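All values reported here derive from a predicted model rather than from experimental measurement.
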Number of protein chains: 2
Amino acid sequence: MSYRILLVDDEPDILEILGYNLKKEGYEVFMAEDGLQAIVQAKKHKPHLIVMDVMMPNMDGIEACIKIRETPELSKTIITFLSARSEDYSQISGLNAGADDYLTKPVRPRVLLSKVKSLLRRLEDISTEKPQVFKDITIDPNKYKVLKGGVEIKFAKKEFKLLQLLFSNIGKVFTRDEIMNTIWGTDVFVGDRTIDVHIRKLREKLGNNVIETIKGVGYRLSE
Amino acid sequence: MSYRILLVDDEPDILEILGYNLKKEGYEVFMAEDGLQAIVQAKKHKPHLIVMDVMMPNMDGIEACIKIRETPELSKTIITFLSARSEDYSQISGLNAGADDYLTKPVRPRVLLSKVKSLLRRLEDISTEKPQVFKDITIDPNKYKVLKGGVEIKFAKKEFKLLQLLFSNIGKVFTRDEIMNTIWGTDVFVGDRTIDVHIRKLREKLGNNVIETIKGVGYRLSE
DNA sequence: TTAATGATTTAACACAACCTTAACATTTTC
DNA sequence: GAAAATGTTAAGGTTGTGTTAAATCATTAA
């Protein structure tokens, strides 16, 4: 599979030049001309890497970056800013906004390529949350994917998180409190039955012999 | 409970960027700008993890690390160094000083986060209760699991607690009072036969040669 | 924007496991 | 052999979980 890269800049010339070079290297390239488009494209294509200008009409790069960072499914996306050499300010606030790196304009295609390469290598290192296997079930946190007997089963966000928690320590009993704190956080109040309902959903999809109830204690993957 | 992290670096910008990212992930972050401050902050907040630059004014990271390691109450604290890429020397001597890991500067927030996560996971593993073994019986508090001859036997909550108590000190006689206080607490009143009934359940499941009655005193695991 | 779809939470009730008790039996101690 | 301590059994009562449907909330598409 090739990596997906989203280029964001308000100058079509730059998009074209950089895009051409990235495509030539085998990357899948998407483009956007402002922050708003960037967000739409990001959600649509789930790029591994976003290279984004800071100064843009409609919505600047910083703001777009913050919005993107708020999207859970894009949390692993690497964001790199392009900024004019002198705008040191933007570098700092860009990093504050959750960017991983920045490049100074004007960008040499050759420089961009080597940067892109090293950033994507980093992604490989980080996405080291290895797929977990239990019985005939495989859960891959990176791809947000669950296979049972080789067949993909779809899970909603909360369901997936819950499943991920149970898989994070196979066999361990997770108390309702632990589950609560992990999935909902400490300052959210949801009723007691909510957890059961989610457990039920998981059982519905995975079968009844996977998640075991320990009454008065919690739940675990049953070996 | 969230983890506490102490960041130590003499560059406020770095503190700010890394601190921001760690806080965003839900960690409690403290900061210090040199080794002396680091020691003060460490003693004050008992962080789970310290991320510390090597080169600093007043007292460098190596020395601070040694001092911290000498403090008994901080013995479990994980210490990670930050060092410029080329300073191989400091990496070696840092690890000699009792550091657990190191990162090379410049540090990408994303890299730090994944590192922090994996280091703290190490902490969790240490703190988990280890399975106890007696005769052909294994009890694993974490998984809430009891094996006899390799076969799992299920226990209800109170039963499990009682068994856990007996296993907590194999061979020791536990008086009815001790059992009462441990399983039911001091402000709950249950009849005298209740304990017997629970002991009976355990014997039913584990066989009669495991739990011994010392009449007038209590119960124990019999060798 | 609104509509429509899907995800999440709530509420009400059903159900089963668990715990405790009480009554009586058995064993141990003196 | 009587008293004291513990063992046994089965019957409620209690509690925690399962289930369902409907209500709310969030997201996507139109």
Steps toward salt bridge (charged side-chain N to carboxylate O under 4.0 Å, His left out) verdict (A:D196, A:K201): CA-CA 9 Å; A:D196 306 294; A:K201 289 279 184 60; over 6 Å; no
Assign [X] to base, sugar-phosphate, or nothing according to its heavy-atom contacts below 4.0 angstrom with the strands shown.
X	answer
B:K154	nothing
A:F160	nothing
A:F155	nothing

What is the separation between atom [atom1] on [X] and atom [atom2] on [N], rounded to the nearest whole Å?
X	N	atom1	atom2	answer
B:K201	C:dC19	NZ	P	7 Å
A:D196	C:dA14	CG	P	17 Å
A:D192	C:dT9	CG	P	13 Å
B:W184	D:dT15	CH2	P	16 Å
A:I195	C:dT8	CD1	P	14 Å
A:I179	D:dT17	CD1	C1'	13 Å
A:E212	C:dA17	CD	P	13 Å

Note: [X]-[Y] ion pair, threshold 4.0 Å (strictly below):
X	Y	value
B:R220	B:E178	no
A:R4	A:E28	no
A:D136	A:K148	yes

A:H48 side chain vs A:Y3 backbone, donor-acceptor pair below 3.5 Å: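 Side chain of A:H48 to backbone of A:Y3, a donor-acceptor pair under 3.5 Å: no, none is there.
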Out of [options], whichever nucleotide has its closest atom nearest the side chain of [X]:
X	options	answer
A:V197	C:dA11, C:dA7, D:dT6	C:dA11
B:R193	C:dA23, C:dC19, C:dT8	C:dA23
A:T213	C:dT10, D:dT17, D:dT6	D:dT17
A:R200	D:dT19, C:dA23, D:dT9	D:dT19
B:V190	C:dT10, C:dT21, C:dT8	C:dT21
B:K215	D:dA5, D:dT8, C:dC19	D:dA5

A:Y27 six-ring face occupied by A:K23 cation (under 6.0 Å, within 45°):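 Cation-pi check for A:K23 and A:Y27: fails.
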Geometric cation-pi criterion, A:K157 with A:F155: 6.0 Å, 45°: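 No cation-pi geometry.
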Can a side chain N or O of [X] be found less than 4.0 Å away from OP1 or OP2 on [N]?
X	N	result
A:T194	C:dT10	yes
A:K158	C:dT9	yes
B:R203	D:dG7	yes
A:H198	C:dA7	no
B:Y219	D:dA5	no

Axis deviation across the helix from C:dT1-D:dA30 to C:dC30-D:dG1, five-pair ends, to the nearest 10°: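 Angle reported: 30°, given to the nearest ten degrees.
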Trace of the side-chain contact (heavy atoms from CB on, under 4.5 Å) decision for B:L206 with B:L163: CA-CA 10 Å; B:L206 295 175; B:L163 193 63; 3.6 Å; yes
